[in-house]
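Since the structure comes first, as structure tokens, the remarks are kept for the end.
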Amino acid sequence: MTARRFPALLVKESQQILRDPSAILIAFVLPVVLLFLFGVAVSLDIRQVKIGVALQDDSPAGLSLALAYRNSRWFDVTAGRDMAGLKPDLVAGRIRGIVVIPQDFGARLQAPDRQAAIQIVTDGAQPNTAAFVAGYADGVRAQWERDWAGDAGQTVAAPIALVPRFWFNPELTSRDFLIPGSIAIVMAMIGTLLTALVVAREWERGTMEAMMATPVAMAELLASKVLPYFVLGLGSVALCTALAVGAFGVPFRGSVLGLMALSAAFLVPALGQGLLISAVTKNQFVASQIALLLGFLPSMMLSGFLFEIPSMPPVIQAITYAVPARYLVPSLQTVFSVGDIWPMFWRAIGSLLLFGAVFFGLAIRVTRRRVA
Amino acid sequence: MTAAPAFTAELHGVSRRFGAATALDDISIVIRPGVMSGLVGPDGAGKTTLIRLLAGLLDPTAGRVTVFGQPATRADRARVGYMPQRFGLYEDLSVIENLRLYANLRGVVARDQARRFDDLLRLTDLTGFQQRLAGRLSGGMKQKLGLACALVQTPDLLLLDEPGVGVDPVSRRELWRMVQNLTGAGIAVLWSTAYLDEAEKCDEVFLLSEGRLLHAGPPGDLTADVAGRVFGLRSPGQGRRRLLAQLMDRDDIRDATIQGGSLRLLMQPGAAPPEAAIPARPRFEDAFVDRLGGGPGGTSALAETYPLIPETGAPVIEAQGLSKRFGAFIAADNIRFDVPRGEIFGLLGPNGAGKSTTFKMLCGLLTPSSGTGRVAGHDLHHARAAARQSLGYMAQKFSLYGDLSVRQNLNFFAGVYGLHGRARRDKIAQMTDIFHLGPYLRQNAGALPLGFKQRLSLACAVMHAPPVLFLDEPTSGVDPIVRREFWSHINGLVQKGVTVLVTTHFMEEAEYCDRIQVIYRAAPIALGTPDSLKSDAAARTGDPDPTLQDAFISLIEDHDARRARTGDAA
Amino acid sequence: MMAGRLWAVIVKELWAILRDPRARIILILPPLMQLFVLGFATTLEVRNTVIGIYDRDGGAWSIELAQRIAASPNVAATLPIFSAADMRRALDRQQVIGVVSIADGFSADLAAGRGAEVQGVFDGRKSNAAQIVAGYLGTIVADLGAELQVRAAPTASVVTHWFNPNLQYLWFTMPGLVVIITTISGLGLTSQTVARERELGSFDQLMVSPLRVPEILIGKVVPPVLVGVVNASIYMILISQVFGVPLTGSVPFFYGALLLYLLALGGVGLLVSSLSQTQQQAFLGMFLVAVPAILLSGYASPVENMPPWLRLVTEADPTKHFLIVSEGVFLKNMPLWDLWSNTWPLAVIAVVTLGASAALFRARME
């Protein structure tokens, strides 16, 4: 008996997916939009910051330093007369920093016991950019100082320097970690939002009632909801990966097996959450709101995908432990940028399956064969 | 051989409460094999709760529900056919896909499926629509498909929850025949319905009201109560509406209704009928109203305060060759009629025939592909918004704001129709009084009992005293008492010169019309008074006293027959 | 007449969102929670990091450097690393965000007055955090070097951060979150309204009434605007009084811009709603609009980092403009002229979207 019932339910669910515009939208259009946004629009790579340089000293040293800023690959320089002249641009956000080379810069440089100081002002309203401007503007000055001393035949005591190298992503392209992270968001959408919507729709349209009056077992009914969306989720991951590698040139150093194992493990709690939400609400509108609040937003904000979890206050760090995407995102970034680190993956998969078991357990408890 | 139990299902002392509300109160009934049992009662009586208990979808609060000798929640579901109120169809699956799904779920083996589907499709007349999505079927077709899905594995117990709601008489009759044949095969059928003519034809009837069982037994037992008290009063002509109001107000008359040009009376026990009254055959509805305490009074407080609508001499509603095409599909084809001031004009037709399309074109909700419609001299689709002031509109399903209170709804519609300050307060106080809404003013409109929802809808539609009323199946699903009260108001308004356009599936409603336009397959096929439609049918079929429903069905069948002949000829 | 009808519609729409006590809570509470959670969570600062120390030198100076790193306020702990394989594993599994590798002879070089290099290897998976940590560590290393110099360096930089002297991240997130949360709740409310009436059947009832399209639309826009103003006022007070973010600019101007922004959101929401047949479609449509609007606004990453053509696209994003206004009013005491140059686009967007939804609304009456 079951041998016929379950495939029949699967066929029905698949036919519905193919005919449902919102399923197509969530599973295929939304991922492309998100991938595009994270691939092109959201970039944490600071390339060329616009700054103003006010050169008030016409000594050769002052000119040379101003030129060093102009030639730096980090800055796009607007020349100005003084601080007051550049301030409106900084306030309006047209430039993010001001470097002032004061009148006595050259003179002080010649005096052996005096220090020639430049002034660096940043737009603190954008703290990240401000820190970048401060650091790199000072770096340009330090580099110029060595070059200037060398040209003058002086030797400055060699300092100690940190030479940083960045493994896995030497060019520091933020896209390479944002796109794998956004794949987790896509899966959260399909698993939680779409599943919550389709099951709530059955309650709303009264078909759930008709199903429950047939000999179908509740377990079969739930499984028939889960399996097609599981496959759809994996399909969407494959599409996203192909786009990430093909269109955005994100490196993929792990194995497809690793990627699929992680994705499959993540879809378990995501689908479980979706089932649970729909079983509790039985209403598409409420289900979608809750799925957004409990599925999408935490996956986006509290998974470590955009924002570093260790930097969050302890209370919020504690909340992140209840967000399944938190366990997935680092492994997903690893399978793209590094390769298969199975010890790491196993821990992620284990945590995800544990969450899945809890969500499914609750969903089965809540979904009873009763209409009221 | 062991003796088969005498009944298929049994409710024993069953009560069911939802929170503080009691849906069913100490119900004991048995459902027997081979018997067509009707479950009747006004909306909210507990019919759906009872059927869900039998389908094992609810637990009783007290008492026992037994199906095939097992508690209903553990009964073999493969032997129960259940058709929920909304048919339980997947709208994005095709007819055949729905059938196949239910066949597989109910364990019909593959080699039997094709033959079974053929039989069911032929039975339900859906053979030509196998590939159509269920969501794009008409109401009547959906209902038949719903039944086919419940029958895909011949059940021992068939539960049908209001299969006739919103479905035209032709489809209802076909469905009835299909189910009746099943009882011949020994199946136990429980058919819940708000149509009392259907209840009358059942072998056994359970009459529910407010969760209690008022009657159980053959419908004849109930009609026997009113035997000798039902009379017809022939052809009082144009004065019949005024006479009806007078008769309904009389103490010796328990109930009175309009039947086309005549009146139908139910006398108090022992009261003498008026002169010229002719005894009539009692119907189930007479007995039903009698059991519920008799009909309401006939004087409309609403009409008494309504301004007199002046006569202009011009038709108030005009349809001039209205047509509507959606792509290649013709929904309405060259509909034309005029309705003079003070007339009730009915649009009748099977589901999907085009009467809703016509209705919507006239009140400006749809743009006609060709032709024009005018209401009180305005083409509502082009006229300025103010022209819509002349229209009162009541939609088929409750379409006020369910999450606002009754008072907020009244305030909103009063404001929208230009009533303000003192005028608005007075008007709302008046409506509250007329429609007895006082106790409900602060309640959410969506939580009102159906009868009060329907009163509120009418109140919102007439607050600005429009000269024209558009009513789309206005009393669908409400009990006969509320329907009588509703039509008393309409009758009163018509006497003040209000013009009414109404679409309906209820023949009781159609009887109130002055004239009826029958629309079928997008085109007008007959226009006349209820009496003339009936006498035409009598001439056509030879039935000496056809009901309006008979007349309607014979018109449709006659039209189909003629089409088939011309089709064959071509 | 017109004023009376409009009033009736506005009152009805207000009741529709305020009548249910649960709905009233939903309007205020989740946005407030978002303000708190996201305010603290959405930080691009890097704190509580773990740094690996691969010390092959073992001399006095390498130990000094390791201690200074461990004492840094941004570093939670250091992890000793003993081999290249160790280093690889620690980085692979993200036990550390970076490793400072000190070569043999480091202390000897320093003692001899020679310069020395320290290798830093960072986890590029988190390119942003890694870069910032590299910056922190670079400063620690350079400071150590400076102390060893006999003579002070001939040049120096004096750094000042305007508007936010200590570069507190909260000062950036809070004025931004006012915008983001207003966006989500504003779009959420308006995008449902028309679709909801259509689904519940009251749409026809409106259409046969004497109401005109502008009256219906204004009625639908006013309540979300009011809710937005109330919520934004609450955030404004919280942010300046509880979180201590300075409110330096013109508050009346902020309200003016807020009003225009809410109208623009209302226009976008109504457009989505008129295009949708069901509430579900409206919800998904809202989602498809809100996510790009927020990601392109400059909140998640600076607009300057986007490719030039996309920067042009952001000009049509009302969220981007209002974000600049909010930041300007809170932190920068931005002059009215600069504020205005980011405010008039809001008015244009509002007019266009409201006009388009009115046209669509009329067309959809068919």
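The basis for the numbers below is simple: all heavy atoms, side chains too, and nothing from hydrogens, waters or symmetry mates.
In terms of heavy atoms, A:F168 sits closest to C:G124 at CD1-N, 4.0 Å. Residues C:S157 and A:R141 come closest through the heavy atom pair OG-NE, 2.9 Å. Of all heavy-atom pairs between C:R125 and A:F177, the closest is O-CB, 2.6 Å. The heavy-atom pair separating C:L167 from A:G124 by the smallest distance is CD2-CA, 3.8 Å. Residue A:L162 comes nearest to C:V141 through the heavy atom pair N-CG1, 3.8 Å, listed as atom of the first residue, atom of the second, then distance. Among all heavy-atom pairs drawn from C:Q94 and A:P330, the shortest one is OE1-CB, 3.2 Å.
With a 4.5 Å cut-off on non-hydrogen atoms, A:L297 touches chain C through its side chain but not through its backbone. Interface residue A:Q333: backbone and side-chain heavy atoms are both found under 4.5 Å from chain C. The part of A:T173 that comes within reach of chain C is its backbone (N, CA, C, O), which places non-hydrogen atoms under 4.5 angstrom from that chain. In this structure, the portion of A:L302 lying under 4.5 Å from any heavy atom of chain C is its side chain and not its backbone. Heavy-atom distances place no part of A:P170 under 4.5 Å from chain C, backbone and side chain included. Of the atoms belonging to A:D176, not a single heavy atom falls under 4.5 Å from chain C. In this structure, no portion of A:Q48 lies under 4.5 Å from any heavy atom of chain C. When heavy atoms are compared at a cutoff of 4.5 Å, A:L193 approaches chain C solely by way of its side chain, counted from C-beta outward. With a 4.5 angstrom heavy-atom cutoff, A:V42 touches chain C via backbone and side-chain atoms both. At a 4.5 Å heavy-atom cutoff, the contact between A:L90 and chain C is made by backbone and side-chain atoms alike. C:W309 touches chain A through its side chain: at least one heavy atom from C-beta onward sits under 4.5 Å away, while N, CA, C and O do not.
Annotation: maximal heavy-atom pairing with chain A below 4.5 Å, among C:F163, C:F106, C:W337, occurs at C:F163. In terms of heavy-atom pairs under 4.5 angstrom with chain C, the leader among A:V121, A:N169, A:V99, A:I316 is A:V121. Most heavy-atom pairs under 4.5 Å with chain C: of the set A:F307, A:F36, A:F132, this distinction falls to A:F307. Your options are C:K126, C:Q168, C:Q34, C:Q119, and the one with the most heavy-atom pairs under 4.5 Å with chain A is C:K126. Taking C:L296, C:V159, C:T139, C:I140 one by one and counting their heavy-atom pairs under 4.5 Å with chain A, the maximum is reached by C:V159. Top candidate by heavy-atom pairs under 4.5 Å with chain A, chosen from C:F40, C:F122, C:W171, is C:F122. Chain A forms the most heavy-atom pairs under 4.5 Å with one residue out of C:A142, C:P292, C:G138, C:G135, and that residue is C:P292. Of all the listed residues (A:A92, A:G181, A:G304), the one sharing the greatest number of non-hydrogen pairs under 4.5 Å with chain C is A:A92. The candidate with the highest count of non-hydrogen atom pairs below 4.5 Å against chain A, out of C:G328, C:G145, C:S101, is C:G145.
Geometric assessment of C:R88 against the ring of A:W167 yields a positive cation-pi assignment under the 6.0 Å and 45° thresholds.
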Item to complete: Would you sort out whether A:I118 and C:T155 count as a side-chain contact (heavy atoms from CB on, under 4.5 Å), showing the intermediate values?
Response: CA-CA 8 Å; A:I118 59 168; C:T155 66; over 6 Å; no
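Using a 4.5 Å heavy-atom cutoff, the side chains of A:N128 and C:Y169 are in contact. In this structure, A:F166 and C:D123 have side chains that are not in contact, with every pair of non-hydrogen atoms separated by 4.5 Å or more. With a 4.5 Å cut-off on side-chain heavy atoms, C:R93 and A:R347 do not count as touching. When side chains are defined from C-beta on, C:F283 does not count as touching A:Q284, because their heavy atoms never get closer than 4.5 Å. No side-chain heavy atom of A:T122 sits less than 4.5 Å from a side-chain heavy atom of C:T160. Under the 4.5 Å side-chain criterion, counting only non-hydrogen atoms from C-beta, A:V33 is in contact with C:L288.
Between A:F296 and C:F287, the ring planes are perpendicular. Angles over 60° get that label, and only those under 30° would be called parallel.
Checking side-chain atoms of C:N48 against main-chain N and O of A:P310 turns up a donor-acceptor pair under 3.5 Å. In this structure a side-chain-to-backbone donor-acceptor pair under 3.5 Å is present from A:S311 to C:R47. No donor-acceptor pair closer than 3.5 Å links the side chain of A:Q115 to the backbone N or O of C:P154.
When each of A:R96, A:K50, A:R94 is paired with C:E304, the salt bridge (Lys or Arg N to Asp or Glu O under 4.0 Å) condition holds for A:R96 and for no other.
The pair C:K332-A:D123 meets the salt-bridge criterion, since a charged nitrogen lies less than 4.0 angstrom from a carboxylate oxygen.
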